[in-house]
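Report on the following structure.
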Amino acid sequence: MTDPEGEHVHLTVDLTYPASLDEVSAMLADVRFVRWRSERAVRAGTPGGGTVERADVTGSADHGFTVVVRRTLATDQIPAHARSFVGGALEIRQAEAWEAASDGRRVGTLSVEILGAPVRITGTGRLQPLPDGGTRLTYDGDVRATVPLFGAVVEDAAVKAVRTALEEEGEAGRAWLAGERP
């Protein structure tokens, strides 16, 4: 939903996994999974294509970890009137910093920068166990665009792209947990 003052758009995405919090944490901290989910999301979400330039994980699921992904995406899905602000490709830098599990939950921070576009996404991630033995991952954050007059259009396009990417990553996680691997 757009802020009445046009300052930002709030985004919440819930993903569920049929695995324990420990299993999901281990998956999210596995560099092989991080690269695979990023490459899979690039292939599925961008008709014009894209590449994963970097996928790194430091730390461990037991003690907290940081994930950094840098990818380049074509701008095919951005509305034509907003494309002039970003050019033919977007470089996206995503960083997640996850704390060690505490009280049966895990909390992290998320930052996504779209270089060459006046858009930044910041928020949190929460991993929580579900009563059925699964795990819910909730991303909650704000999308901000600093484009005079067209900020809301750019924000809405960014929200759609980020939601799609996170949902693709959720599908990749469920596939990974089911045994599909690169």
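None of these values were measured; they are calculated from a predicted model. All residue numbers in this chain count up from 1 along the given sequence.
- Counting only heavy atoms from C-beta outward, the side chains of L28 and L127 approach each other to under 4.5 Å.
- In this model, no donor atom of one side chain and acceptor atom of the other lie less than 3.5 Å apart for Q94 and R70.
- Considering every non-hydrogen atom in both R120 and S111, the closest pair reads NH2-OG, 3.2 Å.
- Checked for salt-bridge contact, R144 and E113 miss the test: no charged N lies under 4.0 Å from a carboxylate O.
- For the pair T66 and E96, the minimum side-chain heavy-atom distance is 4.5 Å or more.
- For the residue pair R163 and T12, the shortest heavy atom distance occurs at NH1-O, 3.2 Å.
- Closest approach of Y139 and G125 over heavy atoms only: CD2-CA, 4.2 Å.
- D140 and T124 share no side-chain donor-acceptor pair at under 3.5 Å.
- Annotation: side chain of R37 is not in contact with side chain of E168 (no heavy-atom distance under 4.5 Å).
- Here the side chains of V107 and W98 are not in contact, with every heavy-atom distance at 4.5 Å or above.
- Taking a cutoff of 4.0 Å between a charged side-chain nitrogen and a carboxylate oxygen, R93 and E53 do not qualify as a salt bridge.
- Listed by first and then second residue, the side-chain hydrogen bond (donor to acceptor under 3.5 Å, both in side chains) pairs involving residues 18-27 are S20-E23, S25-R106 (not counting sequence neighbours).
- Side-chain atoms of T72 do not come within 3.5 Å of backbone N or O of E91 as any donor-acceptor pair.
- Residues L130 and M27 fall into different hydrophobic clusters, defined by Ile, Leu, Val, Met, Phe, Trp and Tyr side chains chained together at heavy-atom separations under 4.5 Å.
- For W176, the ring pair (Phe, Tyr, Trp, His ring centres under 6.0 Å) partners are F33, W36, not counting sequence neighbours.
- Residues D30 and V57 come closest through the heavy atom pair C-CG2, 4.3 Å.
- The minimum heavy-atom distance linking G104 with P129 is given by the pair O-CD, 2.9 Å.
- Minimum heavy-atom separation, A101 to L21: CB-CD2, 4.1 Å.
- Using modelled atom types, one side-chain atom of H10 and one backbone atom of G141 make a donor-acceptor pair closer than 3.5 Å.
- Formation of a donor-acceptor pair under 3.5 Å by the D103 side chain with backbone atoms of R105 is not found in this model.
- Between Y17 and L177, the closest side-chain pair of non-hydrogen atoms falls below 4.5 Å.
- Atom OG1 in T138 sits 6.0 Å away from atom CD in Q128 (nearest 0.5 Å).
- Within the model, atoms CG of L137 and CG of D14 stand 8.5 Å from one another, a figure rounded to the nearest 0.5 Å.
- Other residues, nucleotides and ligands place more than 12 heavy atoms under 6.0 Å from the CZ atom of R174.
- In this structure, the separation between OG1 on T122 and CG on D142 is 5.5 Å, given to the nearest 0.5 Å.
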Practice item. Check the pair R35, V52 against side chain to side chain contact (heavy atoms under 4.5 Å, CB included), reporting the backbone distance first and the verdict last. Key: CA-CA 8 Å; R35 176 165 287 283; V52 176; 3.6 Å; yes
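- With rounding to the nearest 0.5 Å, the separation of CG in L15 from CD in E167 is 7.0 Å.
- Between E39 and R32 there is no salt bridge, since none of the side-chain N atoms of the basic residue sits less than 4.0 Å from a carboxylate O of the acidic one.
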